[in-house]
There are 2 protein chains.
Amino acid sequence: MTDATPPLSAEASQLRSAIVRLSRRLRNERAVDSMSDGQLAVLGILKMHGTHTLGELADRERVSAPSMNRTVNCLEQDGLVSRSPDEADRRKVNIALTAEGIAVVEETLRRRDAWLEDALLELSGDERRRLRDAVDVIARMAER
Amino acid sequence: MTDATPPLSAEASQLRSAIVRLSRRLRNERAVDSMSDGQLAVLGILKMHGTHTLGELADRERVSAPSMNRTVNCLEQDGLVSRSPDEADRRKVNIALTAEGIAVVEETLRRRDAWLEDALLELSGDERRRLRDAVDVIARMAER
DNA sequence: TATTGTTATACTCTATAACTATA
DNA sequence: TATAGTTATAGAGTATAACAATA
């Protein structure tokens, strides 16, 4: 597709702009509009990586423990997560998704995917292939 | 690279995950750590699209006018933007970047690009080409 | 004594409603 | 009378410091 290698700086700048803009557009699609980004992020972590303690959630989201405590309180009041004391170390509290929490996070991801699926269907076969070929490279860069 | 077309749902899901994660990683790189996302977004709009009125900025960021007013107050106090009454319609106020505001937004973009440039240099030539071929597709999807 | 979670308190960012100046 | 911007006030979300329970 592209033959000559363009200047590195232009390549980085264009990539950054495209990634940030698509991400912002995606974020608009969510199951519960009243839910904050922070709350949704916690549900996503629990969905993807299973039960966490409060401290683990705070570390993952790079947020203070009191702040995460408040977020978890809201989610607990809404019935989306449950707290239960850890058997081995009773200082710890395990936070897990409830059935309703699972439903909310799956619906949000479903909406975001649905928006993307619509967009993918408007692409040509070649454009879709180019996107597909880049996905694993993007994912690996994010882990850096 | 990829020959068979995978299920649309898996394709969308993997793309969403990769885009969101790389975007989050990029956001960490900024010139002034004490500056909020909202403030930086305003500087970015002014840098990219030139002078705006308060209402235009509020509309673009999908935020209320009082909220944008406060954001602009902070930027003005920090000397990053200037207010000047519109000549034609004196109800309006034009908000523009100062020299210092230009420097801050350029430094932030430079940092983000620098991080990306480092990451690009660690890729193979083939990986970089795949990324390059996808950028304009991603940019177009974001505009949808 | 150190660690985990929680409460107390304050600051920032957001919003709606009311106000001022101009069209 | 309508519109652009601002001010007043209140509701989330965040942080640091202090506290309680457990290791």
Side-chain angles (χ1 to χ4, degrees), chain A residues 24 27-28 30-46 49-96 104 108, chain B residues 24 27-28 30-46 49-78 80-97 104 108:
Chain A
R24 187 186 302 158
R27 213 179 324 141
N28 290 338
R30 55 177 62 178
V32 182
D33 271 343
S34 65
M35 194 163 52
S36 72
D37 283 348
Q39 288 173 17
L40 183 57
V42 169
L43 295 186
I45 288 172
L46 296 176
H49 301 104
T51 298
H52 282 60
T53 66
L54 187 82
E56 288 167 349
L57 287 176
D59 285 347
R60 261 195 193 271
E61 282 301 289
R62 292 179 195 177
V63 112
S64 70
S67 177
M68 181 54 72
N69 190 53
R70 193 179 177 135
T71 300
V72 168
N73 284 344
C74 291
L75 291 170
E76 192 182 23
Q77 281 186 333
D78 291 347
L80 303 179
V81 305
S82 66
R83 275 185 168 94
S84 49
D86 189 280
E87 295 297 327
D89 183 343
R90 295 171 59 93
R91 291 173 303 182
K92 297 183 178 176
V93 174
N94 291 124
I95 293 145
V104 166
T108 294
Chain B
R24 189 185 303 157
R27 213 177 327 140
N28 291 338
R30 56 175 63 176
V32 182
D33 271 344
S34 66
M35 193 165 52
S36 72
D37 283 348
Q39 287 171 21
L40 183 57
V42 169
L43 295 187
I45 289 172
L46 295 178
H49 300 105
T51 298
H52 283 60
T53 66
L54 188 82
E56 287 167 350
L57 286 175
D59 285 347
R60 261 195 194 268
E61 281 301 288
R62 291 180 197 177
V63 112
S64 68
S67 179
M68 181 53 72
N69 189 53
R70 192 180 176 134
T71 300
V72 169
N73 284 343
C74 292
L75 292 171
E76 191 182 26
Q77 280 185 334
D78 290 347
L80 304 180
V81 304
S82 65
R83 276 185 167 94
S84 50
D86 188 282
E87 295 298 327
D89 183 343
R90 296 172 59 91
R91 291 172 305 180
K92 296 183 179 177
V93 175
N94 291 125
I95 293 145
L97 282 179
V104 166
T108 293

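A note on names: the letters A, B, ... follow the listed sequences, proteins ahead of strands, and every chain is numbered from 1.
- Spacing between atom NZ of B:Lys92 and atom C1' of D:dT6 amounts to 17 Å, rounded to whole angstrom units.
- Taking CE of B:Met68 as the reference point, atom CZ of B:Arg60 lies at 11.0 Å (rounded to 0.5 Å).
- Counting to the nearest Å, the P atom of D:dA2 and the CG atom of B:Asp89 are 17 Å from each other.
- Heavy-atom neighbours of A:Arg90 CZ from other residues, nucleotides or ligands within 6.0 Å: at or below the threshold of 12.
- Taking atom CG on B:Asp86 and atom C1' on D:dT3, their separation rounds to 13 Å, with Å as the unit.
- Which of C:dT6, D:dT6, C:dG5 sits closest to the side chain of A:Arg83 comes down to C:dT6.
- Atom CD in A:Glu87 sits roughly 11 Å away from atom P in D:dA23 (whole-Å rounding).
- For the atom pair B:Leu80 CG and B:Ile95 CD1, the distance stands at 13.0 Å (nearest 0.5 Å).
- Rounded to an integer number of Å, the gap from B:Leu54 CG to D:dT7 P is 11 Å.
- The distance from the CG atom of A:Leu54 to the CG atom of A:Asn94 is 11.0 Å, given to the nearest 0.5 Å.
- Atom-to-atom, NE2 of B:His52 to P of D:dG5 comes out at 12 Å; the value is rounded to the nearest Å.
- Residue B:Gln39 has no polar side-chain atom (N or O) positioned under 4.0 Å from OP1 or OP2 of C:dT12.
- Closest approach to the A:Arg91 side chain among D:dA21, C:dT22, D:dG5 is made by D:dA21 (side chain taken as heavy atoms from C-beta onward).
- Between the CZ atom in A:Arg30 and the OG atom in A:Ser36 there is a gap of 7.5 Å [rounded to 0.5 Å].
- A donor-acceptor pair is defined here as one N or O able to donate and one able to accept, closer than 3.5 Å; such a pair exists between the side chain of B:Thr108 and the backbone of B:Ala31.
- Per the geometry, CG belonging to A:Asp37 stands 16 Å off P belonging to D:dA12, to the nearest Å.
- You'll find the side chain of A:Val104 reaches within 4.5 Å of the side chain of A:Met35, heavy atoms only.
- The stretch residues 56-80 of chain A touches DNA chain C through A:Ala65, A:Pro66, A:Asn69, each having a heavy atom under 4.0 angstrom from the strand.
- Comparing A:Arg90 and A:Ser36 by the nucleotide of DNA chain D that holds the closest heavy atom to each, the one mapping nearer the 5' end is A:Ser36.
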